[in-house]
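The structure appears right after this line, and notes come after that.
In what follows, every chain begins at residue 1, and chains take the letters A, B, ... in the order their sequences are listed.
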2 protein chains.
Amino acid sequence: MTTGTRPLRADAARNRDRLLAAAGEVFAERGLDAPLEEIARRAGVSIGTLYNHFPARDDLFDAIFPPRMAVLDAAAQEALADPDPWSGFAAFTEALFALHAEDRGLNDALAQRVPLSPEVVEACHRCFAYIERLVARAKESGQLRADFEAADYAALIWSMSQVIRETAGVAPQVWRRCLGFFLDGLRAGAAHPVGVPGLTPEQLARIMAAPPA
Amino acid sequence: MTTGTRPLRADAARNRDRLLAAAGEVFAERGLDAPLEEIARRAGVSIGTLYNHFPARDDLFDAIFPPRMAVLDAAAQEALADPDPWSGFAAFTEALFALHAEDRGLNDALAQRVPLSPEVVEACHRCFAYIERLVARAKESGQLRADFEAADYAALIWSMSQVIRETAGVAPQVWRRCLGFFLDGLRAGAAHPVGVPGLTPEQLARIMAAPPA
DNA sequence: CATGAACCTGAGGGAGCCCTCAACTTTGTA
DNA sequence: TACAAAGTTGAGGGCTCCCTCAGGTTCATG
C-alpha cells in the first residue's frame with residue numbers, strides 16, 4: 001500500500017533499520033520478552049527513539065516476523081510438492097523446528113508464549129492452513145495415523161518448543177531425536193487408540209487468545 | 001533428625017502452617033515464580049513473617065516438595081510391581097503427568113524451570129532412579145524401543161510440561177492424547193532410527209544446573 | 001545559510017517484586 | 001502478674017523494566 005505517509009528522514013530511516021536489526025538479534029537470543037532497553041542499546045539509539053518508531057512491543061513483532069514466517073511458507077510449498085506425503089510432512093516439521101532452534105523469538109511466537117498482534121497472528125494462520133493440507137495429505141495416503149488432527153500439531157509445537165528451549169545451549173541437536181520419537185508415534189502403523197478427543201477449534205482459539213500465564 | 005532446635009511458639013507454628021498451605025496453593029496455581037507477597041497475603045500474615053520462617057524462596061520449596069514427590073515414589077513402586085513392564089512404564093508416566101496437571105508448581109519443579117535447592121534436587125534424583133529402572137525393565141522386555149534412554153525421559157517431561165501448561169485452563173485432559181501419541185512412538189514396534197545421540201549425563205546435568213533463561 | 005519540521009535524547013515517574021529492620025505485640029515462664 | 005524472649009509488622013530502599021515528554025539536535029528545503 002505505502003500510503004501517503006511521506007518518507008522518513010535519512011537519520012530516522014537509518015535508526016529504524018538499526019532498531020530492527022538489533023531487535024531481530026535480541027529477540028532471537030533472549031526471547032520475545034527481552035527488555036526493550038537492550039534493543040535500543042544494541043542499536044546505538046536511545047530508548048525514546050525506539051518508542052518513536054515502535055510505540056508498542058507488538059510493532060516490533062509486526063515488522064520482524066512476517067518476513068521470517070515467509071520462510072515457513074516456502075518450506076510448506078516444498079513439502080506439499082514432495083511426492084511422498086509422509087516425507088513432506090516430516091520434512092516440513094523438521095524445517096519448522098530447525099527455525100525454532102535458531103530463533104528463540106520465533107519459538108516464542110509460534111508457541112504463543114506472548115500475545116501477538118493481528119498481523120503476526122494472521123501469518124500464523126496462513127502457516128496453519130498449510131499444516132492442515134500437509135496433515136490431510138499424509139492421512140489420505142495412509143501414512144499418518146488417522147486419528148491425528150491438525151489441531152494436534154499445536155501440541156507438537158508446544159512440546160518441541162520447550163525441548164528446544166531447554167537444550168539449545170547445551171545440546172542443540174537433541175530436539176531432532178525427540179522429534180524422531182514423536183514422529184514415530186504419528187505413523188499409522190504405530191497407532192494405538194488414544195481415547196481423548198482433540199482440541200476443538202474453539203478451544204485452540206481460546207488458548208491462543210489467552211495471556212501467557 | 002529434629003536437632004536440638006527448640007519447638008516453635010504456638011503462634012509461630014500456626015503461621016508457619018498457614019504459610020505452607022498458602023504456598024502450596026499459590027505455587028500450584030501460578031507456578032514457582034509466583035510473588036511471595038501473594039503467599040503472605042493468602043496466609044493472612046505479613047511479608048516479614050514469611051521471610052522469618054523461610055528466608056529464601058527455596059526454603060518454601062524444600063518444605064513443600066519432598067512430601068509431594070513421595071507420591072511419585074509410590075507410583076514408581078507400583079509401576080515396578082506391574083507384571084507387564086510396558087504397562088508399568090506407561091502407567092507411571094501417566095501418573096507423573098497427572099500430578100503435573102494438577103500442580104503447576106510441581107510441573108515447574110520437574111521441568112526444572114527454576115533453580116532448586118539440594119533437597120528437592122535429591123528428591124528428583126530419587127525419582128529419576130526409579131525412571132531408570134522402569135526404562136531398563138521395559139527395554140529388556142522388548143516393548144520399549146531399544147534406542148530410548150533414561151535421559152530421553154527428560155525430553156518427555158519438558159514436552160508434556162509445556163503441553164499441560166498451555167492446555168490446563170481450557171482442555172485439561174488433552175495432554176493425555178498427546179502423551180498417547182508420544183508413547184506410541186516409544187514402542188519397540190514403532191521405532192525408526194533417530195540418528196542423533198541422546199543427552200549425556202553431563203549435558204543433562206548442565207541443563208539442570210543452568211538458570212532458566 | 002536560515003529556518004521550521006522532524007527527530008532524538010535521557011532523566012524521571014510508575015509499577016511490581018525483592019528483601020530488611022527498627023519498633024511493636026504476643027507468648028510462655030517464674 | 002510481670003518480664004524477657006520470641007515473633008510479627010509494614011514502611012521503605014533497591015532493582016528492573018515500563019513508558020513519557022520537555023528540551024535539544026539534525027535534516028531538508030527555499
Interatomic distance, [X] [atom1] vs [N] [atom2] [rounded to whole Å]:
X	N	atom1	atom2	result
A:Arg30	D:dT16	CZ	P	12 Å
A:His53	C:dT9	NE2	P	9 Å
B:Leu50	D:dG7	CG	C1'	14 Å
A:Leu19	C:dC7	CG	P	13 Å

Any donor-acceptor N/O pair, A:Arg57 side chain to A:Leu32 backbone, under 3.5 Å: yes

Polar contact flag, side-chain donor to acceptor under 3.5 angstrom, A:Arg206-A:Gln203: no

Distance-only polar pair, side chains of B:Tyr130 and B:Gln77, donor-acceptor under 3.5 Å: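 The answer is yes; a qualifying pair exists.
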
Aromatic ring pairing B:Phe181/A:Phe148, orientation class (parallel under 30°, perpendicular over 60°, tilted between):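 Rings of B:Phe181 and A:Phe148: tilted, 30 to 60°.
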
Taking the side chain as everything from C-beta on, heavy atoms only, tell me whether [X] gets closer than 4.5 Å to [Y].
X	Y	value
A:Leu186	A:Asp152	no
A:Phe97	A:Leu156	yes
A:Leu96	A:Ile157	yes
B:Arg165	B:Asp108	yes

Positions of residues 33-43 of chain A (non-hydrogen atom under 4.0 Å from DNA chain C), listed by number: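 Output list: empty, so none.
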
Nucleotide of C:dC8, D:dC18, D:dT8 approaching A:Arg57 most closely (side-chain heavy atoms):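 That would be D:dC18.
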
Side-chain N or O of B:Asn15 closer than 4.0 Å to phosphate OP1/OP2 of D:dG7: no

Distance below 4.0 Å between A:Thr49 side-chain N/O and C:dT9 OP1 or OP2: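 For C:dT9, OP1/OP2 do have a side-chain N/O of A:Thr49 under 4.0 Å.
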
Contact pattern, 5' to 3', of nucleotides 21-30 of chain D - B, S or - by protein heavy atom under 4.0 Å: -----BSS--

